[in-house]
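Right, one structure below, let's go through it.
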Amino acid sequence: AQSVAQPEDQVNVAEGNPLTVKCTYSVSGNPYLFWYVQYPNRGLQFLLKYITGDNLVKGSYGFEAEFNKSQTSFHLKKPSALVSDSALYFCAVRDVGGSYIPTFGRGTSLIVHP
Amino acid sequence: KAGVTQTPRYLIKTRGQQVTLSCSPISGHRSVSWYQQTPGQGLQFLFEYFSETQRNKGNFPGRFSGRQFSNSRSEMNVSTLELGDSALYLCASGTLAGASLNTQYFGPGTRLTVL
């Protein structure tokens with residue numbers, strides 16, 4: 001079975017400060033990992049994914065994520081937060097050798113204060 | 001290139017009724033996946049279609065069904081609606097089969113309210 005956890009329902013950060021949104025996962029094999037963002041009344045937008053290769057993945061809008069196999073984590077980061085980054089962020093996982101069905105985290109609300 | 005479109009955007013139904021939601025994928029995309037998003041359960045995978053064939057199915061009752069047409073447009077049907085079916089239903093399209101093997105592009109969703 002596969003699962004993903006986003007331990008924080010909400011993250012608050014001041015504009016200009018670095019931000020981190022946490023994600024941990026559990027799979028029986030190797031993971032495919034994804035981050036999506038959802039703005040109010042909108043669908044999800046793809047940010048980045050890890051399939052294989054370099055553990056540091058760079059994505060859209062200046063976001064990046066680091067795959068850490070030993071800690072089974074895939075935290076989303078950005079060096080300098082913008083007010084416009086305020087949104088709901090979802091981490092998703094799929095077991096490479098398992099089902100094609102992805103499992104999403106419950107989401108983390110990121111609030112960037114001016 | 002136009003994005004994924006979903007119709008209608010908002011829908012109100014009563015218990016026991018049935019509903020059909022529509023999704024038009026990005027031009028050239030042959031994979032369409034459906035998700036249900038609720039505050040309680042989060043985002044859950046419903047099913048995926050590729051070239052008119054259902055490829056994957058999530059853990060939902062048989063009241064939830066779907067189909068895909070030759071032009072890749074997809075419809076999702078929910079019969080005998082229950083209050084718990086109230087949710088945002090999201091559609092995503094992609095170029096390849098396999099719900100998460102490729103980058104998916106999501107539509108804005110259909111907000112279904114069951115009274």
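Heavy-atom basis, side chains included; hydrogens, waters and symmetry copies ignored. Letters go in sequence order (proteins before strands), and every chain restarts at 1.
Heavy atoms of other residues, nucleotides or ligands lying less than 6.0 angstrom from OH of B:Tyr105 number 12 at most. Residue B:Asn71 places its CG atom among more than 12 non-hydrogen atoms of other residues, nucleotides or ligands, all under 6.0 Å distant.
Cluster membership check: B:Val32 shares its hydrophobic cluster with B:Val19, using side-chain heavy-atom separations under 4.5 Å among Ile, Leu, Val, Met, Phe, Trp and Tyr. A continuous path of ILVMFWY side-chain contacts below 4.5 Å connects A:Tyr61 to A:Tyr50, so both sit in one hydrophobic cluster. Taken together through direct or relayed side-chain contacts under 4.5 Å among Ile, Leu, Val, Met, Phe, Trp and Tyr, A:Leu56 and A:Tyr25 form parts of separate hydrophobic clusters. Linking Ile, Leu, Val, Met, Phe, Trp and Tyr whenever their side-chain heavy atoms come within less than 4.5 Å leaves A:Tyr39 and B:Tyr10 in two separate clusters. Taken together through direct or relayed side-chain contacts under 4.5 Å among Ile, Leu, Val, Met, Phe, Trp and Tyr, B:Leu46 and A:Val4 form parts of separate hydrophobic clusters.
With chain A as partner, the option from B:Pro108, B:Gly58, B:Gly107 having the largest number of non-hydrogen pairs under 4.5 angstrom is B:Pro108. Listed options B:Gln37, B:Gln6, B:Arg111 were ranked by heavy-atom pairs under 4.5 angstrom with chain A; first place goes to B:Gln37.
To the nearest 0.5 Å, the span separating CZ on A:Phe46 from CD on B:Gln104 amounts to 10.0 Å. Remark: A:Ile101 CD1 to B:Glu48 CD distance equals 9.5 Å, nearest 0.5 Å. Here B:Phe106 contributes atom CZ and A:Gln38 contributes atom CD; the two are 9.0 Å apart, rounded to the nearest 0.5 Å.
Only the backbone of B:Gln41 comes within less than 4.5 Å of a heavy atom of chain A; no side-chain atom from C-beta onward does. In this structure, the portion of B:Leu90 lying under 4.5 Å from any heavy atom of chain A is its side chain and not its backbone.
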**Message:** B:Phe45 vs A:Phe104, test: ring-ring contact (aromatic ring centres under 6.0 Å, His included). Steps then yes/no.
**Reply:** CA-CA 9 Å; B:Phe45 173 82; A:Phe104 284 81; 9.1 Å; no
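Annotation: salt bridge (charged side-chain N to carboxylate O under 4.0 Å, His left out) contacts involving residues 2-30 of chain B, sequence neighbours excluded, are absent. Sorted by first and then second residue, the ring pair (Phe, Tyr, Trp, His ring centres under 6.0 Å) pairs with a member in residues 62-89 of chain B read B:Phe60-B:Phe64; sequence neighbours excluded. Each disulfide (SG to SG under 2.5 Å) pair with one or both residues in residues 26-56 of chain A, not counting sequence neighbours, would appear here, but there are none.
Side-chain atoms of A:Arg106 come within 3.5 Å of backbone atoms of B:Pro39 as a donor-acceptor pair (strictly under, hydrogens ignored).
At a heavy-atom cut-off of under 4.5 Å, chain B is reached by A:Leu88, A:Phe90 from residues 69-90 of chain A, listed in order of number.
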